[in-house]
Visitor: 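First the structure, then my questions, so here it is.
Keep in mind that what you see is a predicted model, and the values were worked out from it rather than measured.
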Amino acid sequence: MKRTRTLFVCAAAMLLALSTACNPLEWFVPDKKELTTCDLTWLLTNASDRTVRFQFADFGFHTLPAGQSVELMHTTVRASRVEHSFYALFDYRPESHPLTLYTENGDTPLRTWTLSERHQAGKQFYNREAWIFYRPSDTTAEWTFTLTAEDLE
């Protein structure tokens, strides 16, 4: 009899504690933020007054007219990791991902940014501080690196 009463009191106390303190199912279900994804894009914007050609990684040469933007990469990440995902663009063979700028008709490089220069003074393509982060919604975000006339000199 005493054992039954003790068991009943313990069960009642446990039910009372679980129903008022927390939802025990939350321990087994991941956070809803972790289930939400975000489309993330890295853009290169030409804010100079002239057209440039560029080469990034192994993707060949591309033309970028003045005032236009081009997508360097697009991926989907967990929504909670968006602002921490900046370097995902460079994770795949980062040493072979220099960004080289050329004149519109020339083959002589105007400027090359490499990963090893990331911590040097001045504007660096591989330095997160040189990029602008924009998140217009919970499901989309973008990192933008803007080329200026000074970058082309």
Visitor: Could you measure the distance from the OG1 atom of Thr146 to the CH2 atom of Trp131? Nearest 0.5 Å is fine.
Guide: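 So the gap between those two atoms works out to 9.0 Å.
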Visitor: Quick one: CD on Glu117 to CD on Gln124, what's the gap to the nearest 0.5 Å?
Guide: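 Those atoms lie 5.5 Å apart.
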Visitor: Does one hydrophobic cluster hold both Trp143 and Val70, with members joined at side-chain heavy-atom distances below 4.5 Å?
Guide: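 Looking at the clustering, Val70 is in the same group as Trp143.
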Visitor: Please report whether the ring centroid of Trp113 lies less than 6.0 Å from that of Phe56.
Guide: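 Ring centres of Trp113 and Phe56 not closer than 6.0 Å.
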Visitor: Applying the 4.5 Å side-chain criterion to the ILVMFWY set and letting contacts propagate, would Phe61 and Val52 be lumped into a single cluster?
Guide: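 No; tracing contacts between hydrophobic side chains, which count when under 4.5 Å, never links both residues.
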Visitor: Less than 4.5 Å apart, any side-chain heavy atom of Thr103 and any of Arg53?
Guide: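 Result no, sub-4.5 Å side-chain heavy-atom pair not found.
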Visitor: So do Thr139 and Thr37 actually touch side chain to side chain, heavy atoms under 4.5 Å?
Guide: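 In short, these two side chains do not touch, never coming nearer than 4.5 Å.
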Visitor: Is the shortest heavy-atom distance from the side chain of Met73 to the side chain of Thr41 under 4.5 Å?
Guide: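 Heavy-atom side-chain distance check fails, nothing below 4.5 Å.
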Visitor: Quick one: are Cys38 and Leu40 in side-chain contact, heavy atoms under 4.5 Å?
Guide: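 Answer no - side chains too far apart.
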Visitor: Same cluster or not: are Leu43 and Phe54 linked, directly or through other Ile, Leu, Val, Met, Phe, Trp or Tyr residues, by side-chain heavy atoms under 4.5 angstrom apart?
Guide: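 No: no chain of side-chain contacts under 4.5 Å links Leu43 to Phe54.
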Visitor: Any side-chain heavy atom of Gln68 within less than 4.5 Å of one from Asn46?
Guide: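 Gln68 does not reach Asn46 side chain to side chain.
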Visitor: Rounded to the nearest 0.5 Å, what separates atom CG in Leu72 from atom CZ in Phe125?
Guide: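 Those atoms lie 5.5 Å apart.
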Visitor: Hey, what else clusters with Ile132 if you join Ile, Leu, Val, Met, Phe, Trp, Tyr whenever side-chain heavy atoms sit under 4.5 Å?
Guide: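 Members other than Ile132 - counting any ILVMFWY side chain reachable under 4.5 Å - there are none.
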Visitor: Taking all non-hydrogen atoms of both residues into account, name the closest pair between Ala66 and Arg50 and its distance.
Guide: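 Scanning both residues, the minimum pair turns out to be CB-N, 3.7 Å.
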Visitor: What closest approach, in Å, do Ala141 and Pro136 show between heavy atoms, and which atom pair accounts for it?
Guide: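 Taking every non-hydrogen atom into account, CA-CD, 4.2 Å.
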Visitor: Does Leu147 belong to the same Ile/Leu/Val/Met/Phe/Trp/Tyr cluster as Phe133, with side-chain heavy atoms less than 4.5 Å apart forming each link?
Guide: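 Yes, Leu147 and Phe133 fall within the same hydrophobic cluster.
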Visitor: Among side-chain atoms of Thr140 and Asp39, is any donor-acceptor pair under 3.5 angstrom?
Guide: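 No pair is found: no donor N or O on one side chain lies under 3.5 Å from an acceptor on the other.
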Visitor: I need the Arg128 CZ to Arg118 CZ distance, nearest 0.5 Å.
Guide: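 Between atom CZ of Arg128 and atom CZ of Arg118 there are 11.5 Å.
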Visitor: Does Arg135 reach the main-chain N or O of Asp138 with its side chain, forming a donor-acceptor pair under 3.5 Å?
Guide: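 Such a contact is found between Arg135 side chain and Asp138 backbone.
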Visitor: Run the side chain to side chain contact (heavy atoms under 4.5 Å, CB included) test on Leu64 and Leu44 for me, step by step, so that the C-alpha distance in whole Å, both residues' side-chain angles and the decisive distance to 0.1 Å come before the verdict.
Guide: CA-CA 9 Å; Leu64 182 56; Leu44 180 62; 3.9 Å; yes
Visitor: Mind listing the closest non-hydrogen atom pair of Ser48 and Thr148 along with its distance?
Guide: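 Heavy atoms of Ser48 and Thr148 come nearest at CB-C, 3.9 Å.
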Visitor: Kindly give the heavy-atom pair with the smallest separation between Thr114 and Pro98, and that separation in Å.
Guide: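 Closest pair (atom of Thr114, atom of Pro98, distance): CG2-CB, 4.0 Å.
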Visitor: Return the OH to OG1 distance between Tyr102 and Thr112, rounded to the nearest 0.5 Å.
Guide: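 Tyr102 OH to Thr112 OG1: 6.0 Å, rounded to 0.5 Å.
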Visitor: Could you tell me the separation between the CD atom of Gln55 and the CG atom of Leu99, rounded to the nearest 0.5 Å?
Guide: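 If I round to the nearest 0.5 Å, the distance is 9.5 Å.
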